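Naming: A, B, ... by sequence-line order, numbering from 1 per chain. Side-chain atoms are counted along with the backbone in the values below, which use heavy atoms only and exclude waters and symmetry mates. Keep in mind that what you see is a predicted model, and the values were worked out from it rather than measured.
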Amino acid sequence: MEFTRSRRVLAGAAFAAAATMGLAACSSGSSDPASSGADGGSGEQVEIRLNWWGSDARHERTQEAIDAFMAEYPNITVVGEFSDWTGYWDKLATSTAGSNMPDVIQMDQLYLASYAERGTLADLGALSTLDTSNLSDSVLGIGQVDGTQYAMPVSTVGFTILVNQDILDELGLTLPDTDSWTWDDFYAFAAEVTEVSGGDVVGTAPMNNEFSLQLWARQNGEALFTDGNVSISPEVLADYLAQGLEMSKIGASAEATAYSEQASLPLDQIDFSVGKQAMAFTQITQIAAYTAASDGANLVAVKLPTEDANASKYLYLKPGMYFSVSSQSAHPEEAAQLIDFLVNDPTAAEIIGTERGLPANPNTIELLADSLTPEETKAVEYTDSIADLLGEAPEIVPNGASGVDGLIQRYILEVYFESSSPIDAADAFISELQSSIDAA
Amino acid sequence: MSLAELDRMRTERDKAGRKIKVKQPDNKAALGFLAPWIIGLLGLTAGPLLYSLYLSFTKYNLLQPPEWTGLDNFERMLTDDRLHQALKVTFTYVIVSVPLQLLVALVLALALDRGMRFLPFYRSAFYLPSLLGGSVAIAVLWRLVFGADGLLNAILGWMGIESTQSWISNPDTALWTIVLLHVWTFGSPMVIFLAGLRQIPKSYYEAASTDGANAWWQFRHITLPLLTPIVFFNLVLAIINAFSNFTQAYVVSGGTGGPADSTLFYTLYLYQEGFGNFRMGYAAAMAWLLVLIIGAFTGLNFWLSKRWVHYDD
């Protein structure tokens with residue numbers, strides 16, 4: 001057919017394109033449930049999938065641990081799948097909806113209630129191949145939803161400020177007494193770093209995740225969630241959201257656009273990793289990843305500042321992560337066997353070390369004591385040093401609130417760019433999070 | 001057999017007032033050949049489409065069966081600030097990027113139509129961005145160009161303009177970097193324009209130059225009117241494409257729509273609601289709203305086309 005300027009051809013083509021392209025966006029997939037039929041730990045050849053998120057260091061160690069597991073249990077083949085944090089949850093949601101959920105899932109407390117309350121996780125208490133007797137009741141408790149053990153706690157982590165001592169040495173600065181420092185001390189010191197370096201190095205960057213917001217609330221005598229609802233006050237939240245903006249005004253942290261650029265970079269490219277930022281809020285377990293990313297910089301873990309020098313037991317150890325078994329799994333006993341190996345077996349313990357956090361299993365910590373790397377030793381020492389500050393763990397993030405980290409980052413930027421006042425942002429934040437919980 | 005011939009057959013039968021025997025075997029064979037397409041249409045397009053219409057009236061979290069909630073999802077749209085932000089971003093994007101992209105495509109098509117040497121090479125080279133536009137490498141490239149230490153700031157520096165801001169991380173400018181990315185992927189409208197230009201009979205131009213018409217006059221009174229069907233075709237496609245843009249927004253902002261929701265495209269928000277917040281019912285309702293919006297724009301386009309599109313036949 002000749003390419004003509006005929007009305008019918010063109011109009012028809014345009015219309016057909018409109019119809020197909022416009023509607024293609026709306027199709028949603030649904031598929032058959034996976035084949036079921038659990039076979040309780042029989043010796044037959046089975047394949048299970050293990051899914052995790054993390055850095056390169058974790059991928060290598062986990063793969064090594066999987067190989068050790070397969071050597072010990074030759075009838076079980078484990079296929080490892082991994083991704084970064086953001087992609088992980090998109091993928092997990094999609095595969096779960098498509099009844100293609102991995103058998104063993106690395107789980108986080110942000111999502112535990114969301115997945116457990118929707119019936120996608122297996123009751124670990126009913127699986128005989130997983131030994132939970134090494135963990136104390138309080139640690140096991142953080143893996144339960146409504147009394148059912150949906151998740152096996154792997155580790156616990158504390159929150160810290162990592163300080164790049166190499167930068168301070170170079171600038172000739174001395175860290176204040178971090179056992180008793182106040183937030184004002186911290187801000188002043190961060191601003192001093194920026195000033196002394198002539199702007200080459202920035203003091204710090206604001207806190208921006210659920211863990212730190214929990215701690216901020218607790219320092220102010222509040223809780224982020226109570227009885228499954230948002231319970232932080234707008235005033236306390238507003239101060240938290242405004243931290244970045246306030247710090248940038250005195251030079252303690254970067255300008256809004258520079259900060260915003262950081263948010264989308266991988267860990268090894270952000271300012272703190274490349275020696276352009278002296279202090280960073282993070283989880284203590286990240287010390288290994290940051291040390292590697294910064295080519296072995298001397299990182300020191302210090303306590304968070306408080307208004308009233310260490311008055312209350314505001315800190316807590318967050319469940320670093322869990323392993324869960326999918327309720328869709330065709331081989332739940334083998335899946336539980338893998339979890340048992342990863343958290344209880346000495347071989348796995350030595351391979352994994354403290355990369356996933358300080359092991360929740362006390363036997364593992366004892367076992368590791370002699371073989372820790374310098375970074376792991378720092379992590380253990382820091383965790384010991386905050387023992388006096390530890391209070392009761394807060395309730396886990398309720399169903400529907402899994403997006404809280406994204407919400408925090410978005411509202412911090414709104415305040416940072418001064419498109420909302422801190423208190424308006426706090427009000428909007430609370431109502432958005434609460435309606436998300438109500439809708440779940 | 002064309003539709004026109006079929007039409008004629010039907011008319012003849014009506015005039016004659018009696019039935020003509022329909023050749024059954026032909027129809028069966030036709031159905032057989034059509035079967036793969038029909039099955040695909042019903043199973044892969046129509047089925048999911050109707051299901052998504054149903055889902056738009058439900059609360060559906062992906063993991064449990066949907067629950068009928070009537071018009072709740074649509075009511076929520078009225079008060080959903082992020083949806084309004086997403087609409088604002090998307091409309092801005094469509095209104096700015098579509099005309100710009102078509103303009104660039106037309107200008108380049110006109111330049112290439114002059115029959116220069118190495119034409120196939122240039123044509124392919126200009127088409128390349130269209131193939132790359134949605135790839136992850138673009139996210140990296142865009143950072144290198146529009147970041148704080150990026151190429152754009154370096155060029156501005158050479159021109160004596162000091163700029164240390166990161167264009168991609170500033171809520172005031174981030175959307176414009178994606179508009180630019182979209183304009184840059186002008187390849188497919190350009191190729192269609194080129195094909196359209198080739199169809200304009202040379203004799204028109206010869207006649208016009210004999211009459212002493214200059215290049216601008218020829219463009220204004222020959223090329224443009226005869227090209228209007230192609231412009232229309234490209235316009236309809238470009239508007240639909242721009243409304244349903246997802247990949248570019250996703251790769252440049254890493255799926256967040258950031259900074260501060262300044263690049264929260266409609267489809268990106270739809271994706272976040274569906275797969276991030278497990279509100280698949282709401283996401284389905286949003287998808288249908290988008291269908292209505294695109295449908296309205298396309299309808300408006302067809303209606304307006306009567307006033308400016310010139311058909312030869």
Worksheet item: Got a sec: does the CH2 of B:Trp37 have more than 12 other heavy atoms crowding it under 6.0 Å?
Response: no

Fill in: Close side-chain approach of B:Arg279 and A:Ser436, heavy atoms under 4.5 Å
yes

Worksheet item: So which part of A:Gln269 gets closer than 4.5 Å to some heavy atom of chain B, the side chain, the backbone, both or neither?
Response: neither

Worksheet entry | Positive for ring-ring contact (aromatic ring centres under 6.0 Å, His included) with B:Phe278, one of A:Tyr111, A:Tyr115, A:Trp89 | A:Tyr115

Worksheet entry | Distance, nearest 0.5 Å, that separates OG of B:Ser262 from CZ of A:Arg410 | 11.5 Å

Discussion item. Taking side chain as everything from C-beta outward and backbone as N, CA, C, O, which of these in B:Arg82 sits under 4.5 Å from a heavy atom of chain A? Side chain, backbone, both or neither.
Written reply: side chain

Worksheet, complete the sentence: Distance col, row B:Asn61:CG vs A:Glu117:CD, nearest 0.5 angstrom, shows 10.5 Å

Worksheet item: So what's closer than 4.5 Å to chain B heavy atoms on A:Ala401: side chain, backbone, both or neither?
Response: neither

Discussion item. Under a 4.5 Å cutoff for heavy-atom pairs, which residue among A:Leu92, A:Leu413, A:Thr257 has the most contacts with chain B?
Written reply: A:Thr257

Discussion item. How about NZ on A:Lys276, more than 12 heavy atoms from neighbouring residues, nucleotides or ligands closer than 6.0 Å, or not?
Written reply: no

Worksheet item: Given that the side chain runs from C-beta out, which part of A:Thr120 has a heavy atom under 4.5 Å from chain B: side chain, backbone, both or neither?
Response: side chain

Discussion item. I need the contact set between residues 424-435 of chain A and chain B: heavy-atom distance under 4.5 Å, sorted by residue number.
Written reply: A:Glu432

Worksheet item: How far apart are the closest heavy atoms of B:Phe275 and A:Ala93, and which atoms are they?
Response: O-CB, 3.6 Å

Fill in: Engaged part of B:Tyr271 at the chain A interface, taking heavy atoms whose separation is under 4.5 Å
side chain

